[in-house]
Every structure is written in C-alpha cells, then in structure tokens.
*Asks:* 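Here's a structure for you.
All of these numbers come straight from a predicted model, not from anything done at the bench.
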Amino acid sequence: MAKALHSTNVVNTLIRVAEDCPARSGEAPQPRGGQPTVATLQYAMLASAPYKYTSDDVVFATSAVGRSLDAKATKQERSLAREAFFSKGQACMRASPLGKRFGWGVHADAKGRIAIYAVDSKRYQALAADPEIAQTRAMRSKRG
C-alpha cells in the first residue's frame with residue numbers, strides 16, 4: 001500500500017504578506033555568509049520563472065533533501081526522494097521567509113502554479129482586492 005502524500009499546493013489563492021512583515025516593499029533576499037538561504041533559493045526560482053512551478057516543486061527544491069540531490073541524480077532517484085519527503089507533512093509557502101520577512105505575496109493560479117508579487121505592486125493590490133481569489137496570510141514571525 002502506498003503512503004499518502006501531503007501536498008503543499010493550493011489553487012486560486014493569494015498568500016498575503018504577514019501582518020508583522022517588516023518590509024514595506026518586495027526586497028530581494030541576500031545570501032548569508034556567502035551561502036544561499038531558503039529565501040534566496042525560493043526567490044531565484046520564482047522571480048525568474050513565474051507560474052512555472054507549484055508550491056510542492058519550490059518547497060522540495062529548496063529543502064535540504066532537494067538541495068542534496070546533485071545534477072547526476074536520476075529521475076527515479078529524484079522521484080523517490082520527493083515521495084519520501086512528502087510522505088510527512090511539510091511547511092507550505094505560508095511559512096516562507098518571502099512573505100514573512102521580505103515583502104512578497106505568493107499567488108497560486110487555477111493550476112496551482114505560483115508567482116511572487118511585491119507587497120507594494122499594483123498586481124499584488126489587485127490580487128488582494130479580488131473577491132474570486134482565496135486570501136490567506138503568511139505566518140507571523142512572532143506570537144501575538
């Protein structure tokens with residue numbers, strides 16, 4: 001019997017920036033100590049290819065498991081690693097530092113593919129005002 005997989009994908013949804021997000025505009029995350037962070041990896045994937053990837057694609061590719069697979073990994077090895085990764089629940093894009101710290105909203109289209117928009121952009125404001133799009137917030141950084 002196959003294990004149930006836990007998806008982070010959503011459709012037709014805007015993940016708005018967290019209420020306690022310090023950024024008032026979209027900021028490009030910077031590497032820390034010369035090393036890429038989850039935020040820099042997610043930003044690079046989504047800024048360069050809007051609506052190409054699903055949330056699952058981004059979460060897996062930027063996880064420690066996804067990053068440990070090198071370019072020589074076969075399609076089957078990647079598939080097995082991804083299946084094992086999603087056999088347990090994973091944090092979704094609501095927990096991404098893009099929405100918590102850097103001022104980026106995440107929009108999922110009708111097919112579940114995602115793109116990011118700066119909180120101060122006209123497109124973000126239009127999505128946030130659209131009654132046809134489900135609205136949720138990125139997780140707060142602090143309790144309260």
Side-chain angles (χ1 to χ4, degrees), residues 1-23 26-119 121 123-144:
M1 187 165 129
K3 289 183 180 177
L5 297 182
H6 301 272
S7 177
T8 65
N9 291 339
V10 294
V11 295
N12 202 27
T13 301
L14 176 64
I15 302 172
R16 297 166 62 184
V17 298
E19 288 106 342
D20 64 346
C21 178
E27 299 173 1
Q30 299 300 311
R32 190 176 308 132
Q35 297 297 314
T37 63
V38 169
T40 58
L41 294 169
Q42 289 178 346
Y43 178 81
M45 281 184 80
L46 295 170
S48 65
Y51 299 112
K52 179 178 180 182
Y53 302 106
T54 65
S55 176
D56 282 356
D57 296 336
V58 174
V59 169
F60 178 71
T62 60
S63 70
V65 173
R67 288 185 292 193
S68 70
L69 293 172
D70 61 17
K72 297 175 192 162
T74 66
K75 198 172 190 176
Q76 183 178 14
E77 288 170 330
R78 287 185 185 285
S79 179
L80 289 172
R82 187 174 168 131
E83 189 174 311
F85 181 75
F86 285 111
S87 68
K88 300 180 193 138
Q90 299 297 329
C92 66
M93 290 301 291
R94 287 187 60 225
S96 169
L98 295 178
K100 291 174 69 170
R101 160 70 187 89
F102 294 101
W104 296 96
V106 180
H107 176 246
D109 68 10
K111 294 182 180 178
R113 297 170 306 191
I114 60 176
I116 55 174
Y117 294 99
V119 67
S121 71
R123 181 69 178 140
Y124 177 94
Q125 298 304 321
L127 290 167
D130 189 339
E132 300 294 314
I133 296 175
Q135 307 282 324
T136 188
R137 286 245 186 216
M139 294 179 177
R140 296 172 58 89
S141 295
K142 299 174 183 72
R143 291 183 180 208

*Asks:* Enter the distance from Gln135:CD to Leu127:CG here, rounded to the nearest 0.5 Å.
*Replies:*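 These two atoms lie 8.0 Å from each other.
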*Asks:* Per the side-chain contact (heavy atoms from CB on, under 4.5 Å) rule, which among Leu46, Ile116, Val17 passes with Trp104?
*Replies:*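 Single side-chain contact (heavy atoms from CB on, under 4.5 Å) partner of Trp104 among Leu46, Ile116, Val17: Ile116.
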*Asks:* Work out which heavy atom in Tyr124 is nearest to a heavy atom in Ser121; give both atom names and the distance.
*Replies:*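 That would be N-OG, 3.1 Å.
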*Asks:* Check whether any side-chain heavy atom of Pro97 sits under 4.5 Å from a side-chain heavy atom of Phe102, and report yes or no.
*Replies:*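 Heavy-atom side-chain distance check passes, below 4.5 Å.
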*Asks:* Could I get the full list of salt bridge (Lys or Arg N to Asp or Glu O under 4.0 Å) partners for Asp109, not counting sequence neighbours?
*Replies:*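 Arg113.
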*Asks:* So Asp57 and Lys52, do their side chains get closer than 4.5 Å, heavy atoms only?
*Replies:*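 No, too far: nothing below the 4.5 Å cut-off.
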*Asks:* I need the Ile133 CD1 to Leu14 CG distance, nearest 0.5 Å.
*Replies:*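 The distance works out to 6.5 Å.
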*Asks:* About how many Å separate CD of Gln90 and CG of Asp56, when rounded to the nearest 0.5 Å?
*Replies:*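 Reported to 0.5 Å precision, the distance equals 9.5 Å.
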*Asks:* Would you please indicate if the ring centroids of His107 and Tyr51 are separated by under 6.0 Å?
*Replies:*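 Ring centres of Tyr51 and His107 closer than 6.0 Å.
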*Asks:* According to the side-chain hydrogen bond (donor to acceptor under 3.5 Å, both in side chains) rule, which pairs have a member within residues 12-23, sequence neighbours left out?
*Replies:*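 Non-adjacent pairs meeting side-chain hydrogen bond (donor to acceptor under 3.5 Å, both in side chains): zero.
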*Asks:* Any heavy-atom pair between the side chains of Met93 and Val59 that's under 4.5 Å?
*Replies:*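 In short, these two side chains touch, coming nearer than 4.5 Å.
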*Asks:* Closest approach of Ser55 and Asn9, non-hydrogen atoms and distance?
*Replies:*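 Nearest heavy atoms, Ser55 then Asn9: N-OD1, 3.2 Å.
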*Asks:* Kindly indicate whether the side chain of Phe60, heavy atoms from C-beta on, has any atom under 4.5 Å from the side chain of Thr8.
*Replies:*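 Contact flag for Phe60/Thr8 side chains = no.
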*Asks:* Are any side-chain N or O atoms of Ser79 and backbone N or O atoms of Gln76, one a donor and one an acceptor, separated by less than 3.5 Å?
*Replies:*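 Answer holds: no.
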*Asks:* Could you tell me which non-hydrogen atom of Ala118 sits nearest to which non-hydrogen atom of Gly26, and how far apart they are?
*Replies:*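 The pair with the smallest heavy-atom distance is CB-N, 3.6 Å.
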*Asks:* Would you say Ser48's side chain and Ala44's backbone share a donor-acceptor pair under 3.5 angstrom?
*Replies:*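 Yes, Ser48 side chain to Ala44 backbone: donor-acceptor pair under 3.5 Å.
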*Asks:* Going from CZ on Arg101 to SG on Cys21, what distance comes out if it is rounded to the nearest 0.5 angstrom?
*Replies:*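 Arg101 CZ to Cys21 SG: 7.0 Å, rounded to 0.5 Å.
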*Asks:* Going by the rule salt bridge (Lys or Arg N to Asp or Glu O under 4.0 Å), which residues pair with Arg94 if we only count those two or more places apart in sequence or in a different chain?
*Replies:*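 Per chain and number, Arg94 pairs via salt bridge (Lys or Arg N to Asp or Glu O under 4.0 Å) with no residue.
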*Asks:* Distance from Ile15 atom CD1 to Ser96 atom OG, nearest 0.5 Å?
*Replies:*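 OG of Ser96 is found 8.5 Å from CD1 of Ile15.
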*Asks:* Quick one: pull up OH in Tyr43 and CD in Glu27 and give me the separation to the nearest 0.5 Å.
*Replies:*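 Output value for this atom pair is 10.5 Å.
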